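Notes follow the structure.
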2 protein chains.
Amino acid sequence: MTRARRFFSCLGDDVRLASMLLIHAEKELCVCELVEALNENQSKISRHLGQLRNCGLVKDRRQGQWVFYSLHPELPDWAIKILEQSSVAEARSLKVMTQRLGSMRNRPERATVDA
Amino acid sequence: MTRARRFFSCLGDDVRLASMLLIHAEKELCVCELVEALNENQSKISRHLGQLRNCGLVKDRRQGQWVFYSLHPELPDWAIKILEQSSVAEARSLKVMTQRLGSMRNRPERATVDA
DNA sequence: ACTGTATATACGCATAACCACATATATACA
DNA sequence: TGTATATATGTGGTTATGCGTATATACAGT
C-alpha cells in the first residue's frame with residue numbers, strides 16, 4: 001500500500017496537484033510558466049517540482065536557461081487515469097490557470113522535440 | 001483546486017488508503033474488521049476513520065456495539081473512479097487484506113439493510 | 001568579465017500530522 | 001448493577017511538511 005499512497009501524498013498539495021494537472025494538459029511546461037499560471041513565487045514552484053521529480057512523477061529537461069517538466073514516461077496507467085479524473089474534478093480551476101497561461105507574454109519557445 | 005486536493009490528502013496515508021479501498025471492495029466494514037484486516041491497533045483505525053468521516057469520504061451507522069463504515073453516498077463519480085484505479089494499483093496488498101478478513105473469526109453479523 | 005533572467009536549494013521557523021498510551025463512552029448480557 | 005466488548009477521543013511528544021527569504025548555480029547576451 002505504498003506506491004499509490006506515495007502518489008496521493010504528492011497530489012495532496014495544491015501547488016503539486018495543479019502543476020501535475022497543468023503539465024498533463026499541456027504536455028510540457030517550464031518553471032516560469034507554472035509560476036505565472038499558478039500565481040505563486042518561483043522558489044515555491046521549484047521546490048514542489050523537485051519533489052515531484054524525486055517521487056518519479058515528472059521528468060525534466062534543460063533547454064537553454066529553461067527547465068521543462070513533463071510527466072514521467074513510465075508513469076503507470078492507473079496514475080494517468082487518476083490524473084484524468086482529477087482534471088474532471090478540477091476542471092474549473094484548471095481552466096483559469098490555462099487562461100493565465102494563454103495570456104502570458106514572452107513564453108519561451110520549445111525546441112520542437114515532438115513530431 | 002481544493003476538492004480534489006483534500007481527497008488526495010485523505011488517501012495519502014496507508015491506513016486511510018487501505019481502509020477506503022477495503023470499504024469500497026466490501027461495501028461496509030466495522031472498526032474491528034479493519035483492525036484485523038490492516039493489522040493495526042484500534043485507536044489508530046478509529047482515529048483515521050474519524051478523519052475520513054469528517055472529510056465526507058465515509059458515513060457510519062451504529063448497529064449494536066458495532067459501528068459500520070461505508071463510502072459516503074454522495075461521493076462524486078470522479079472519486080469513485082479514482083478508488084477503482086487505486087484498487088488496480090494496490091491489487092496485491094488488497095488481496096492480502098481481503099484474505100485476512102476472510103479468515104477472521106467471529107465477524108459481526110449485519111442487519112441486512114440491503115436487498 | 002558583467003549583467004540579467006531562470007532555476008535550484010540551504011536555512012530557520014511555524015505548524016500540521018501521526019503515534020502510543022490512557023481513558024471515556026456505548027452497548028450487550030448476565 | 002457488574003463485566004466484557006466495541007469504539008471514540010484526550011494528551012503529550014516526535015517527526016514531517018510547507019513557507020519565506022536569501023543565496024547559489026546555470027545560461028544568454030553584451
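Note that the structure is predicted; figures quoted are calculated from it, not measured. Note on naming: letters A, B, ... go to the chains in the order of the sequence lines (proteins, then strands), and numbering restarts at 1 for each one.
In this entry dA20(C) has dT11(D) as its Watson-Crick or G-U wobble partner, both defining distances falling under 3.5 Å. Nucleotide dC29(C) is matched to dG2(D) when pairs are restricted to Watson-Crick or G-U wobble geometry with both distances under 3.5 angstrom.
Taking a cutoff of 4.0 Å between a charged side-chain nitrogen and a carboxylate oxygen, Glu28(B) and Arg61(B) qualify as a salt bridge. Of the charged side-chain nitrogens involved, none lies within less than 4.0 Å of a carboxylate oxygen, so that Glu40(B) and Arg100(B) do not count as a salt-bridged pair.
For Arg107(B), the CZ atom counts as densely surrounded, since its 6.0 Å shell holds more than 12 non-hydrogen atoms of other residues, nucleotides or ligands. No more than 12 heavy atoms of other residues, nucleotides or ligands shown are found within 6.0 angstrom of CG on Asn106(B).
Whole-Å rounding puts the Trp66(B) CH2 to dA28(C) P distance at 8 Å. Atom CZ of Arg61(A) and atom P of dT7(C) are 12 Å apart (whole Å). One atom, CZ of Phe68(B), and another, C1' of dA6(D), lie 11 Å apart when rounded to the nearest Å. If you take OH of Tyr69(B) and P of dT7(D), they are 9 Å apart, rounded to a whole angstrom.
For Gln42(B) against dA8(D), a side-chain N or O and a base N or O form a donor-acceptor pair under 3.5 Å.
At distances below 3.5 Å, not a single donor-acceptor pair connects side-chain atoms of Ser46(A) with backbone N or O atoms of Ser43(A). Here the side chain of Arg16(B) pairs no donor or acceptor atom with the backbone of Asp14(B) at under 3.5 angstrom.
Put simply, Val88(A) and Leu71(A) are part of two different groups of oily side chains (I, L, V, M, F, W, Y) that touch within less than 4.5 Å, one to the next.
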Filtered N/O pairs between nucleotides 17-20 of chain C and protein, under 3.5 Å:
{"residue": "dC18(C)", "atom": "OP1", "partner": "Arg16(B)", "partner atom": "NH2", "Å": "3.1"}
{"residue": "dC18(C)", "atom": "OP2", "partner": "Arg16(B)", "partner atom": "NH1", "Å": "3.1"}
{"residue": "dC19(C)", "atom": "OP1", "partner": "Lys44(B)", "partner atom": "NZ", "Å": "2.9"}
{"residue": "dC19(C)", "atom": "OP2", "partner": "His48(B)", "partner atom": "NE2", "Å": "2.7"}
{"residue": "dA20(C)", "atom": "OP2", "partner": "Asn41(B)", "partner atom": "ND2", "Å": "3.2"}
{"residue": "dA20(C)", "atom": "N6", "partner": "Arg47(B)", "partner atom": "NH2", "Å": "2.9"}

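When all heavy atoms of Ser86(A) and Phe8(B) are compared, the pair lying nearest together is OG-CZ, 3.1 Å.
For Ser46(B) and dA8(D), the shortest distance from a side-chain N or O to OP1 or OP2 is below 4.0 Å.
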For nucleotides 25-30 of chain D, 5' to 3', base contacts (B), sugar-phosphate-only contacts (S) and non-contacts (-) with protein non-hydrogen atoms under 4.0 Å give -SSS--
